[in-house]
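Notes follow the structure.
No hydrogens, no waters, no symmetry mates; every other heavy atom, side chains included, goes into these values. What you see is a predicted model, and the numbers here were worked out from it, not measured in a lab.
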Amino acid sequence: RDGEWKERGTGEAKILKHKTTGKVRFLLRQEKTMKIVANFMIVDKAPYCDLRPNAGSKKCWVWSALDWSEEEQVAEQFALKFGSEELAQAFKAAFDAAKSGKR
């Protein structure tokens, strides 16, 4: 919001599909407190949800989204770092499938 990166915490990132509507969202809770730190719909609408490598890293993705984690919609930029290139690629495949409605 003020141009700086803010660490939201570590935890398990989830891609969740609503059983009735079929809409897909991304959810991340802080590992220890279980506080929701990222909560947004995965959409195929520029400029949102376009995964790009962060500073050329093969283990980190950046993108922007309309986040609802603090009870009001705010355009935010996110970065998600993985322990391995394989996990990062698996996440990208799942995220892109969700974005295209194939998840």
Side-chain angles (χ1 to χ4, degrees):
R1 293 174 195 177
D2 53 15
E4 292 182 15
W5 283 101
K6 292 185 178 90
E7 183 173 324
R8 299 242 180 153
T10 59
E12 185 176 332
K14 294 183 179 184
I15 295 175
L16 305 167
K17 184 175 184 177
H18 193 278
K19 291 179 183 175
T20 307
T21 66
K23 292 182 179 181
V24 182
R25 69 185 175 115
F26 175 92
L27 183 71
L28 177 65
R29 291 180 180 268
Q30 276 184 338
E31 201 167 56
K32 294 180 182 173
T33 65
M34 298 305 289
K35 178 184 179 210
I36 296 173
V37 293
N39 180 19
F40 58 85
M41 301 302 289
I42 298 176
V43 296
D44 190 10
K45 185 174 182 180
Y48 304 114
C49 299
D50 180 27
L51 294 184
R52 297 176 315 278
N54 185 32
S57 172
K58 294 183 179 180
K59 296 194 298 185
C60 187
W61 296 109
V62 295
W63 69 94
S64 61
L66 295 173
D67 184 49
W68 285 91
S69 64
E70 300 199 13
E71 298 182 19
E72 64 180 46
Q73 188 179 51
V74 178
E76 294 279 12
Q77 186 167 3
F78 293 94
L80 193 59
K81 185 176 180 182
F82 295 87
S84 71
E85 290 180 31
E86 292 79 17
L87 284 173
Q89 288 304 316
F91 173 78
K92 182 174 182 1
F95 194 93
D96 287 346
K99 193 165 80 166
S100 68
K102 295 179 182 173
R103 183 182 187 281

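- Side-chain contact between Phe95 and Leu80 is absent, with no heavy atoms from C-beta onward closer than 4.5 Å.
- Nearest heavy-atom pair, Lys59 versus Ala88, reported as atom, atom and distance to 0.1 Å: CA-CB, 3.9 Å.
- Met34 approaches Glu31 most closely through the heavy-atom pair SD-O, 3.8 Å.
- Lys35 contributes atom NZ, which lies 5.0 Å from atom CD of Glu70 (distance to the nearest 0.5 angstrom).
- At a threshold of 4.5 Å between non-hydrogen side-chain atoms, the residues Asp67 and Phe40 count as touching.
- A 4.5 Å side-chain heavy-atom check between Met41 and Leu66 finds every atom pair outside the cut-off.
- For the side chain to side chain contact (heavy atoms under 4.5 Å, CB included) with Lys99, the qualifying choice from Val43, Ile42, Leu51 is Ile42, the only one to do so.
- Side-chain contact check for Ile15 versus Lys17: every heavy-atom pair is 4.5 Å or farther apart.
- Tyr48 is not connected to Phe78 by any chain of hydrophobic side-chain contacts under 4.5 Å among Ile, Leu, Val, Met, Phe, Trp and Tyr, and they are in different clusters.
- With Ser64 contributing its side chain and Pro47 its backbone, the two residues share a donor-acceptor pair below 3.5 Å.
- In plain terms, the two heavy atoms of Ala98 and Val24 that are nearest each other are CB-CG1, 3.6 Å.
- Atom NZ of Lys58 is separated from atom CD of Gln89 by 8.5 Å, given to the nearest 0.5 angstrom.
- In terms of hydrophobic clustering, with Ile, Leu, Val, Met, Phe, Trp and Tyr side chains grouped at heavy-atom distances under 4.5 Å, Leu87 and Trp61 are assigned to a common cluster.
- The shortest non-hydrogen separation linking Ser57 to Pro53 is O-CB, 3.6 Å.
- Once rounded to the nearest 0.5 Å, the distance linking CZ of Phe91 with CZ of Phe82 reads 5.0 Å.
- Atoms CD and CG, on Glu71 and Asn39 in that order, are 10.5 Å from each other to the nearest 0.5 Å.
- Between the side chain of Arg52 and the backbone N or O of Asp50, at least one donor-acceptor pair lies under 3.5 Å.
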